[in-house]
> 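Questions regarding the structure given below will be posed in turn.
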Amino acid sequence: MVRREKIIVGLAMFAVLGYGGYYSVSSVKPDTERPDVKKDDAAEFINSIVKELIRGSLSASDRYIIRKSGHVWGEDPFENKPSAALAAAALSARAHIYSGFLSMNSKCIAVIDGAEYEAGEQIGESGPVLKRIFSTHVIIGMPGGKDHMIPLEGSE
């Protein structure tokens, strides 16, 4: 150790030992005196406050909410349930795999399901129409007028 480090360690040890000595010798004790309060009095006081708050502050809608809070709900209102048509369109959009992108001069070609397509071409025999080609995703027009995005495979 360098001399400077020895001095720093020595001062730290001196501070720790000095604090320990002060703490053990000091006559400061925690305040142990408490006012004479019985537990029954405190519980009674709290119960009286709760009763007063309940009696004066509940409106008709609050009482209705409290009454209905114990009932079991038939359905989860936050559960996403897509419509059958939307689910079918999403399934058909996911059935296609966008696996490659080629850009030559002003021409862009997308590789979808192993075949090459340009914008405006129909995917497969009766499939959706390829609307736009990007390097990270393609946009296809599904039957019914809805557009879907298919991300480039491996970039998700």
Side-chain angles (χ1 to χ4, degrees), residues 1-59 61-62 65-66 68-83 86-119 121 123 128 130-142 146-156:
M1 283 168 100
V2 182
R3 182 177 176 195
R4 180 178 64 185
E5 293 172 349
K6 290 178 183 177
I7 292 172
I8 292 172
V9 169
L11 287 174
M13 290 178 62
F14 178 74
V16 168
L17 291 174
Y19 177 75
Y22 171 76
Y23 183 74
S24 65
V25 174
S26 76
S27 63
V28 178
K29 303 291 182 202
D31 187 20
T32 57
E33 295 181 24
R34 291 187 184 174
D36 189 23
V37 176
K38 297 178 184 176
K39 290 183 180 180
D40 294 334
D41 293 340
E44 184 179 323
F45 175 70
I46 291 171
N47 286 335
S48 68
I49 290 176
V50 169
K51 287 178 185 176
E52 187 66 31
L53 286 174
I54 290 175
R55 184 173 40 135
S57 64
L58 290 180
S59 66
S61 62
D62 291 338
I65 291 170
I66 291 171
K68 291 291 185 178
S69 66
H71 292 283
V72 178
W73 288 31
E75 292 183 20
D76 185 2
F78 301 107
E79 183 178 342
N80 284 337
K81 293 182 182 177
S83 66
L86 182 62
L91 182 61
S92 66
R94 288 192 181 132
H96 299 291
I97 298 173
Y98 175 43
S99 59
F101 169 76
L102 299 169
S103 177
M104 298 178 286
N105 298 330
S106 63
K107 193 182 224 183
C108 290
I109 297 175
V111 179
I112 301 174
D113 298 333
E116 298 172 356
Y117 297 97
E118 292 182 34
E121 290 184 338
I123 300 172
L130 179 61
K131 288 194 169 183
R132 299 203 55 195
I133 301 172
F134 298 97
S135 61
T136 58
H137 64 279
V138 293
I139 304 218
I140 59 173
M142 300 300 293
K146 298 217 175 192
D147 292 347
H148 288 283
M149 180 196 72
I150 302 175
L152 180 65
E153 187 178 47
S155 67
E156 296 175 0

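Worth knowing before you read on, the calculation uses all heavy atoms, side chains too, and leaves out hydrogens, waters and symmetry mates.
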> Can R3 and I7 be said to form a side chain to side chain contact (heavy atoms under 4.5 Å, CB included), step by step?
CA-CA 6 Å; R3 182 177 176 195; I7 292 172; 4.3 Å; yes

> Relative to the ring of H137, is the ring of F134 parallel (under 30°), tilted (30 to 60°) or perpendicular (over 60°)?
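F134 vs H137 ring planes: parallel.
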
> If the condition is side-chain contact (heavy atoms from CB on, under 4.5 Å), which residues does S103 pass it with, not counting sequence neighbours?
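Counting only residues at least two positions away or on another chain, S103 forms a side-chain contact (heavy atoms from CB on, under 4.5 Å) with F101, C108.
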
> Donor-acceptor pairs under 3.5 angstrom involving side-chain atoms of residues 110-119: please list them, not counting sequence neighbours.
unit_1: D113; atom_1: OD1; unit_2: I97; atom_2: N; d: 2.8
unit_1: D113; atom_1: OD2; unit_2: H96; atom_2: ND1; d: 2.7
unit_1: Y117; atom_1: OH; unit_2: G124; atom_2: N; d: 3.3

> In this structure, are over 12 heavy atoms from other groups packed under 6.0 Å from M13 atom CE?
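No, because the 6.0 Å sphere around CE of M13 holds 12 heavy atoms or fewer from other groups.
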
> Could you tell me which residues satisfy side-chain contact (heavy atoms from CB on, under 4.5 Å) with F45, sequence neighbours excluded, listed by chain and number?
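Expected list: S48, I49.
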
> Going from OH on Y98 to CD1 on I139, what distance comes out if it is rounded to the nearest 0.5 angstrom?
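Rounded to the nearest 0.5 Å, the OH-CD1 separation comes to 11.0 Å.
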
> Determine, stepwise, if the pair I133 / I109 fulfils side chain to side chain contact (heavy atoms under 4.5 Å, CB included).
CA-CA 7 Å; I133 301 172; I109 297 175; 5.7 Å; no

> Using 0.5 Å steps for rounding, measure from the CD1 atom of I123 to the CD atom of E121.
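Taking CD1 in I123 and CD in E121, the distance rounds to 9.5 Å.
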
> Strictly by salt bridge (Lys or Arg N to Asp or Glu O under 4.0 Å), give each pair with a member in residues 131-140 just once, sequence neighbours left out.
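Found K131-D147.
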
